Structures are given as structure tokens and as C-alpha cells.
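Everything on this sheet refers to the single structure shown next.
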Amino acid sequence: KTKKQNGYKLQTLTSWLLKQEQDGVIESELTIVISSISMACKQIASLVQRAGISKLIGGQGAVNVQGEDQKKLDVVSNEVFSNCLRSNGRTGIIASEEEDVPVAVEESYYGNYIVVFDPLDGSSNIDAAVSTGSIFGIYSPNDDCLSLVDLEDTTTLDNVEQRCIVNVCQPGNNLLAAGYCMYSSSVIFVLTLGKGVFSFTLDPMFGEFILTQENIQIPKAGKMYAFNEGNYQLWDDRLKEYIDHLKEPGPNCKPYSARYIGSLVGDFHRTLLYGGIYGYPRDKKSRNGKLRLLYECAPMSFIVEQAGGKGSDGQQRILDIQPVEIHQRVPLYIGSTEEVEKLEKYLS
Ligand code: P6P
């Protein structure tokens, strides 16, 4: 249903998804999975915005599989995301940044989609109320999953874990849908189903995501760059040359502008709308960079390519990379096509 206001129709995420289903863009089972994800994001938005009040600020006093100190909200957000996915009955396997290994979902009875997610990326910013976000990707159900949830046969438990990993480790080219929800001055849900990029802004008046941008196209070029230059001395010399080039004033005395939030979703969303490039390079301390392929780089690269941009590890398309490990890290350079291609030339 759509709500009329000031003479124009408001389209909600729910009504938009139903339209995609009617148009044959997605199966109704996938609609249910995405709706459950948007429900999780609404709950996380509320938790994030009230963190200081509900004493959800600060550390959990635990370290996750990444070796990162978990924030209280990391743990809660992961539980919210997992519970929403479990209860939709269409999820076969979930793979979270906060879980050591993928989890086969017993409750699923139809669909068996594979969902990878980072429930609260950039959570180190929470205590300072800086933008954070949830990132997700959805892979097609895989027949092997049906047997995976046959947990009665305990002899295959270790196989279940192994086969979960095999089913989850798919290249980004296989993604059916990808998106993120940014918790910032607005709560914005960005989604692609493989036919363009759409954004929905949460209207707190009635708790619905309202369609606000259709077929987002990233500018072909843009003079903003988002790199943590604190790592400059640890970078490859060719990358240093590239960064130095961005600072040259050029004929019109206008060098590039540095913009870095330290939160991938915030830095990516600005890049998607204004153009430019975000990069998290490999360096001497982290040989493969910091960002995870499966639930950060691949979903963001699917989105940016659907918006006409590029996502690269410096040599190849992120979406072409075949993951071999759930929490595998890769360098990420993502944004306007001309900007990413310029960087690739420096690194070639
Ligand atoms: P650094 C947050 O921890 C994150 O995964 C991304 O959201 C962000 O872009 C990056 O790491 C920030 O890392 O090393 O610059 O603090």
C-alpha cells in the first residue's frame, strides 16, 4: 500500500519489494528475506540512536574472531540480525562478521537463502555517535543446504560446518541482492537486486522505509578521496605516488579533498552520491588490508557496479574473487570508474 501525502504517492520498501516481485525481478521468498533484514535494521537504528540512554555504550569485554574488541552493540546487533533471519523461515545459512563460522539455520523450511552480513560496521564510532551501518549480501539457495539442516544425522556435523563454508564462499558475481543500512543523520537503506540501486529513508513518524532515490548513478569522476593516510608510510611506493598526485593543485589550483569518517558505510554512501574513491589498501602491517571480502567488499562492489562505478582490489574486480575463507580480507578501492581506473594504472 502507498500513503498519499502532499499530492504525491509515498512508496514504502514493502510496497516496492512487492512490485519487484510482481515484475518478476525477485522471488517472493527473497522478498521475505529482505523484509526481515529491513526489520533488523529498524531495530538496530533504534538501539544505536538510544545507545547512550540504554547504557549500550562501551565494550563488551570480549574479542571477536577478527581479534577486535567487541562493543556491546556489536553483540546485540548480531543477535538482532540473526534472530530476524532465523525467524523468516527462508534462510538456510547465515555468515556474520561476529561469528567464528557460518551457522546452518534449523528453523528454515523453504527458500534456504544464504545471507552474509556485518551487523554493525564501524562500531568503534558508536561512543562518539559517528555514522555506522549494517552491510548484507544474499546468495541463491543451494541444494546442498537442504541436507545441511538435517542436523539429526550428528555424524555429519563437522561436514555440515565444512559444507556451510563451501556454500557461503561464493564469488560476489553470484550475489542475488546486496545492501546496507546507514545509521546517520538519516537512517538510509540502500539496496540492489541486480537491476539498479535504490535508497529508502526511514520515516520515524511511522517506522517505514520510504523510497527516496531510484536508479542511483555514481558520478563517473569525483575529487574526494577517503583513505586513512595515517598508514601512508606503510603503503606501497606506487600507492604513495597516487596519493601525492591527488594533492597536486593542478591547473585550476584545486587538489582533491580528503574525506574520511572511519566508517565504511558512511564513506561509501558519500562516495556513491558525490563521486570519488574510497580505499583501504594492503600495507606492511596487514598484507591483505583490513576489510572482509564476503560481507563488506563484495556487497559494496555489487552496489557500486550497479550504480556504474567500480570495485577493485587494485588488480581485479572484487566480484570475480573466489573466497577461500569466510573472514578473508582483501584490499578495496571502490567508487567512480575514472578514479578507480586511475589508481589501478598507478598500481599496475
Ligand atoms: P581504520 C571499521 O572498523 C572498518 O571496518 C570500516 O568501517 C572503516 O572504513 C575501517 O574499518 C576504518 O579502519 O584502520 O582506518 O580505523
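Sequence positions, counted from 1, serve as the residue numbers for this chain. Every number for a ligand or one of its atoms is a count from 1 in the order of the listing. Note that this is a predicted model, so its numbers are computed, not measured.
For atom 9 (O) of ligand 1, the closest non-hydrogen atom of the protein is Y278 OH, 2.8 Å. Given atom 16 (O) of ligand 1, the protein heavy atom at minimum distance is K290 NZ, 3.9 Å. For atom 14 (O) of ligand 1, the closest heavy atom belonging to the protein is Y280 OH, 2.6 Å.
With a 4.0 Å heavy-atom cut-off, ligand 1 is reached by the backbone of L264 and by its side chain too.
Under the 3.5 Å distance criterion, the side-chain polar atoms of K310 are left unmatched by any main-chain donor or acceptor of E341. Counting only distance, with no hydrogens or angles, the side chain of H327 and the backbone of E99 share a donor-acceptor pair below 3.5 Å. Using modelled atom types, one side-chain atom of N125 and one backbone atom of G122 make a donor-acceptor pair closer than 3.5 Å.
Of the N and O atoms on the side chains of E27 and Y113, not one donor lies less than 3.5 Å from an acceptor on the other residue.
Among the candidates K290, K285, K284, the single residue satisfying the side chain to side chain donor-acceptor pair (under 3.5 Å) test with N231 is K285.
At least one heavy atom of G262 sits closer than 4.0 Å to an atom of ligand 1. The closest approach between a heavy atom of D121 and any atom of ligand 1 is below 4.0 Å.
For atom 12 (C) of ligand 1, the nearest non-hydrogen atom from the set Y260, F268, F227 comes from Y260.
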